[in-house]
Amino acid sequence: MPVRLIYETHSITVDNETGIATGWLPGELSRTGRGLAAELGVRRRDVDVVYASDLRRAVETAEIAFGDTKEIRLDQRLRECDYGIYNGRPVSEVAMLRARHIDTPWPGGQSYQHVVAETAAFLEDVMKEWQECTVLVIAHSANRWALRNLLEGVPLEDQVDAPFDWRPGWEHILA
């Protein structure tokens, strides 16, 4: 039985607006981000469960969007890539180094392949528990790349340097 999986990025943060690569730091939604999170709750009110990264910016997005209206489950496996010593550095600096860390961990952090492995384990659990349901995932750009890699076969090498084109969610059927 299939699972309908909807992926949404966490809402816009103060760091996003100021060009900071937050990584495993908590982050905080900006005023604009809080408004967009509220819109997410309206747009996705038909989901059965919400999973979110346990990093603050994803939690805040889920709480604003769904409050007490949906079950929200936090999952550490949905975290952004840990940039190690580069957490909190300018996006321009981090972006130049992404392709080097597909297989090789960031100094003091992890690789993008680690994010893929964590996402794969998460998807296995979702498939076991949520047959014939709609599952919303609120996470980060590295998780989007991992999903595209796992579900669409798009190599990470083709994604890490490409612009991240935001849109109101991506949908997948897990069968």
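We use all heavy atoms of the structure for the numbers below, so side chains are in, but hydrogens, waters and symmetry mates are not. No experiment lies behind these values; they were computed from the predicted model shown.
A donor-acceptor pair shorter than 3.5 Å cannot be found between the side chains of His10 and Ser53. Judged purely by distance below 3.5 Å, without hydrogens or angles, the side chains of Thr22 and Asp15 pair a donor atom with an acceptor atom.
Checked by atom type and distance alone, the side chain of Asp48 never pairs as donor or acceptor with a backbone atom of Cys133 at under 3.5 Å. Within the 3.5 Å criterion, the main-chain N or O of Leu29 finds a donor-acceptor partner in the side chain of Glu60. Arg57 contributes a side-chain N or O that, together with a main-chain N or O of Leu25, makes up a donor-acceptor pair within less than 3.5 Å. Counting only distance, with no hydrogens or angles, the side chain of Thr69 and the backbone of Phe66 share a donor-acceptor pair below 3.5 Å. Judged by distance alone, the side chain of Asn16 and the main-chain N or O of Thr13 form a donor-acceptor pair under 3.5 Å. Checked by atom type and distance alone, the side chain of Gln110 never pairs as donor or acceptor with a backbone atom of Pro105 at under 3.5 Å. The closest donor-acceptor contact from the side chain of Trp106 to the backbone of Ile85 lies at 3.5 Å or more, if one exists at all. Judged by distance alone, with hydrogens and angles left aside, the side-chain atoms of Asn87 form a donor-acceptor pair with the main-chain N or O of Gly84 at under 3.5 Å. Formation of a donor-acceptor pair under 3.5 Å by the Thr61 side chain with backbone atoms of Ser11 is found in this model. Panel note: side chain Gln159, backbone Trp145; a donor-acceptor pair is recorded below 3.5 Å.
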| said: Set out, in order, the CA-CA distance, both residues' side-chain angles and the distance that settles side chain to side chain contact (heavy atoms under 4.5 Å, CB included) for Thr9 and Asn143, then state yes or no. | reply: CA-CA 9 Å; Thr9 57; Asn143 310 100; over 6 Å; no
| task | Any chance you could lay out the side chain to side chain contact (heavy atoms under 4.5 Å, CB included) test for Thr134 and Ile6, step after step, and finish with the verdict? | result | CA-CA 7 Å; Thr134 300; Ile6 301 169; 3.7 Å; yes
| task | Before giving the answer on salt bridge (charged side-chain N to carboxylate O under 4.0 Å, His left out), spell out for Glu8 and Arg43 the whole-Å C-alpha distance, their side-chain angles and the decisive distance to 0.1 Å. | result | CA-CA 11 Å; Glu8 295 261 0; Arg43 185 171 66 246; 2.8 Å; yes
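In this structure, Tyr112 and Val116 have side chains that are not in contact, with every pair of non-hydrogen atoms separated by 4.5 Å or more. At a threshold of 4.5 Å between non-hydrogen side-chain atoms, the residues Arg89 and Ile20 do not count as touching. Val50 is listed as a side-chain neighbour of Ile72, based on a closest heavy-atom distance under 4.5 Å. Ile102 is listed as a side-chain neighbour of Glu157, based on a closest heavy-atom distance under 4.5 Å. Contact annotation: the side chain of Thr32 approaches that of Glu17 to within less than 4.5 Å [non-hydrogen atoms, C-beta and beyond]. Using a 4.5 Å cut-off on side-chain heavy atoms (C-beta onward), Trp130 and Leu5 make no contact. Glu118 is not listed as a side-chain neighbour of Cys81, based on a closest heavy-atom distance of 4.5 Å or more. Using a 4.5 Å heavy-atom threshold, the side chains of Asp103 and Ser111 count as separate.
Note that OG1 of Thr104 and NE2 of His114 are 14.5 Å apart. Values are rounded to the nearest 0.5 Å. Distance check, rounded to the nearest 0.5 Å: CG of Asp161 to CE of Met96 gives 11.0 Å. Separating the CG atom in Leu136 from the CD1 atom in Ile138 is a distance of 5.0 Å, to the nearest 0.5 Å. The line from CD of Glu152 to NE2 of His172 is 5.0 Å long, rounded to the nearest 0.5 Å. Interatomic distance, Arg56 CZ to Leu74 CG, rounded to the nearest 0.5 Å: 9.5 Å. Between the CG atom in Leu36 and the CZ atom in Arg34 there is a gap of 11.0 Å [rounded to 0.5 Å].
Taking both residues in full, the closest heavy atoms of Gly23 and Glu80 are given as O-CB, 3.8 Å, listed atom of the first, atom of the second, then distance. Residues Ala146 and Thr119 approach most closely at CB-OG1, 3.5 Å, considering heavy atoms. A pairwise comparison of heavy atoms in Ala175 and Met127 identifies C-CE, 3.7 Å as the closest pair. In this structure, Trp24 and Leu55 approach most closely via the heavy-atom pair O-CD2, 3.5 Å. In this structure, Leu97 and His101 approach most closely via the heavy-atom pair O-CD2, 3.0 Å. Across all their heavy atoms, Arg44 and Pro168 have their closest contact at NH2-O, 2.8 Å.
Residues Leu151 and Val135 are members of one and the same hydrophobic cluster, defined by side-chain heavy-atom contacts under 4.5 angstrom among Ile, Leu, Val, Met, Phe, Trp and Tyr. Follow the hydrophobic side-chain contacts under 4.5 Å out from Tyr83 and you reach Val160 in the same cluster. If you chain together hydrophobic residues whose side chains sit under 4.5 Å apart, Leu78 and Val59 never meet in one group. Follow the hydrophobic side-chain contacts under 4.5 Å out from Leu123 and you reach Val3 in the same cluster.
Within a 6.0 Å sphere centred on CG of Asp46, other residues, nucleotides and ligands contribute more than 12 heavy atoms. Heavy atoms from other residues, nucleotides or ligands lying under 6.0 Å from CZ of Arg100 number 12 at most.
Using a cutoff of 4.0 Å between basic side-chain nitrogens and carboxylate oxygens, Glu63 and Lys70 are not scored as salt-bridged.
Relative ring orientation between Tyr7 and Trp170 is described as tilted, the plane-to-plane angle lying within the 30° to 60° band.
Considering Arg79, Arg73, Arg77 as possible partners of Asp54, the one that fulfils the side-chain hydrogen bond (donor to acceptor under 3.5 Å, both in side chains) test is Arg79.
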